[in-house]
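Take a look at the structure below.
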Amino acid sequence: MAIRKYADVKTGEIVEFRIQTEQEKRYLERRQQIDTYKQKGKYFIACYPQELRKINHELTLIEAGAAMRLLGYLRWNKGGKLIDKDEPLALKDLAKILGKGTTATKAILKRLESFGLISKSREGRANAFFINPQFFQFGGKLGSGYFTKLYSVKSRNVVNELTLQEAGMLWKVIPYFHYENYYLCENPDESNPSVIRHMTREELAEHVGHNRDTVTKLMNTLKRKGTIMTTDTRGCKRYIINPDLMYRKDYEDDYTRSVRELFKQHEAIEAIH
């Protein structure tokens, strides 16, 4: 009879588990994987795709990119407040982050407010700004329904290297990220592989509300930045997202590790060129 040990994620206590059968062994391994991801929970932002789909067509790439950049200033369990160096971000800070003038920044914020994405509240002599947890949540009790994990450090580093339009394209693909195979598809919650409808370039353009040439140009940039890869089957391009950027499972499996290895190889090739 084998004895395994694992750390209880709630208490930190080391617990012994006596394994008698293969089924018990598989149960323990899966439990350890899930506990590991629970411990990593503070490193991802929960994105609610069903809400994002409702406004995806209405947002311009600049507006979506601005919102994507602001996500980098969410802090753990701060109720969606945008913070930098323990201080709430004011309008002048947001203008600097977006690389826009005050007037342009106000116009972007007004649009994001109109969709309910952000809100503001007077704190002292200036307004503090908040991301609506209906769309994105960092800490606290997660809402019901499906959500995509956007890894906070990786996404912040990636977005900092993108223009607002490129970041906007990344934002717009979030709702179409399949929970298991990482492809962009029209039914990202579908568990039956035979009926998953993978998105072609033309279908992606239709879903995000931009023309094919714009989508092609921006997706090529995201590919060079290591956030996506493309496959080509009979002339149809399909897109797969880096699992180090987005994730939906509660544990990691062999398939994920193989996809991650493909992205590492892709990045090495891009670095050579």
Side-chain angles (χ1 to χ4, degrees), residues 41-175 208-210 245-246:
K42 68 184 303 180
Y43 301 113
F44 70 78
I45 298 168
C47 314
Y48 296 100
Q50 66 275 19
E51 298 298 330
L52 294 177
R53 288 190 201 108
K54 294 176 183 178
I55 62 172
N56 228 1
H57 249 268
E58 305 301 323
L59 290 171
T60 68
L61 286 165
I62 293 293
E63 291 161 356
M68 192 74 183
R69 196 168 286 182
L70 295 182
L71 293 181
Y73 295 88
L74 284 175
R75 296 295 178 262
W76 175 255
N77 275 340
K78 295 298 182 180
K81 184 184 291 188
L82 298 175
I83 296 172
D84 188 31
K85 298 176 182 177
D86 297 323
E87 294 293 331
L89 295 176
L91 178 62
K92 61 180 178 61
D93 302 313
L94 298 182
K96 185 176 181 180
I97 289 167
L98 301 183
K100 298 287 185 180
T102 301
T103 301
T105 299
K106 284 182 178 179
I108 291 171
L109 295 176
K110 185 176 180 180
R111 281 277 292 172
L112 297 182
E113 284 185 77
S114 73
F115 294 114
L117 271 169
I118 68 169
S119 62
K120 59 187 177 185
S121 177
R122 198 73 177 179
E123 291 191 4
R125 301 174 64 181
N127 287 319
F129 294 85
F130 299 78
I131 297 288
N132 187 343
Q134 177 182 342
F135 296 93
F136 294 93
Q137 190 175 348
F138 196 16
K141 185 178 180 180
L142 295 176
S144 59
Y146 297 118
F147 63 88
T148 295
K149 302 171 184 178
L150 182 68
Y151 287 116
S152 55
V153 175
K154 176 72 171 180
S155 62
R156 183 166 60 244
N157 291 342
V158 167
V159 170
N160 284 342
E161 297 181 1
L162 301 176
T163 66
L164 287 183
Q165 282 196 322
E166 293 160 358
M169 191 67 218
L170 185 59
W171 162 292
K172 292 206 169 198
V173 304
I174 292 174
V208 300
H210 301 287
L245 178 64
M246 299 181 202

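Below, each value reflects all heavy atoms present in this structure, side chains not excepted, and no hydrogens, waters or symmetry copies. Note that the structure is predicted; figures quoted are calculated from it, not measured.
Among pairs with a residue in residues 70-92, those fulfilling salt bridge (charged side-chain N to carboxylate O under 4.0 Å, His left out) read K81-E123, at least two apart in sequence or across chains. For residues 100-113, the set of pairs meeting the side-chain hydrogen bond (donor to acceptor under 3.5 Å, both in side chains) definition, not counting sequence neighbours, comprises E63-R111.
When all heavy atoms are compared, the tightest approach of P88 to D93 is O-OD2, 4.1 Å. The shortest non-hydrogen separation linking L109 to L91 is CD1-CD1, 3.7 Å. For I45 against L71, the heavy-atom pair with the smallest separation is CD1-O, 3.8 Å. Taking all atoms of both residues into account, the shortest heavy-atom contact from P175 to K172 is CD-O, 3.4 Å. Smallest separation of non-hydrogen atoms from A126 and A90: CB-CB, 4.4 Å. S155 approaches L245 most closely through the heavy-atom pair CA-CD1, 3.6 Å.
With N56 contributing its side chain and V208 its backbone, the two residues share no donor-acceptor pair below 3.5 Å. The backbone N or O of L94 lies less than 3.5 Å from no partner atom in the side chain of R69, so there is not a single donor-acceptor pair. No donor-acceptor distance shorter than 3.5 angstrom exists from the side chain of R156 to the backbone of V159, with no hydrogens or angles considered.
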Next item on the list: May I have the step-by-step check of side chain to side chain contact (heavy atoms under 4.5 Å, CB included) for I62 and L98, ending in yes or no?
Entry: CA-CA 10 Å; I62 293 293; L98 301 183; over 6 Å; no

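Side-chain atoms of L117 and L70, non-hydrogen and from C-beta on, never get closer than 4.5 Å to each other. Annotation: side chain of L170 is in contact with side chain of M246 (closest heavy-atom distance under 4.5 Å).
A distance of 14.0 Å separates CD1 of I83 from CH2 of W76, quoted to the nearest 0.5 Å. In this structure, CD on E58 lies 11.0 Å from OG1 on T60, to the nearest 0.5 angstrom.
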Result block: side-chain N/O donor-acceptor pairs under 3.5 angstrom for residues 127-138, not counting sequence neighbours:
residue : atom : partner : partner atom : Å
N132    : OD1  : Q134    : N            : 2.9
N132    : ND2  : G116    : O            : 2.8
Q134    : NE2  : E51     : OE1          : 2.7
Q137    : OE1  : Y48     : OH           : 2.9
Q137    : NE2  : G139    : O            : 3.3
Q137    : NE2  : K141    : O            : 2.6

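K154 pairs with exactly one of V158, N157, L150 by the side-chain contact (heavy atoms from CB on, under 4.5 Å) rule, that one being V158.
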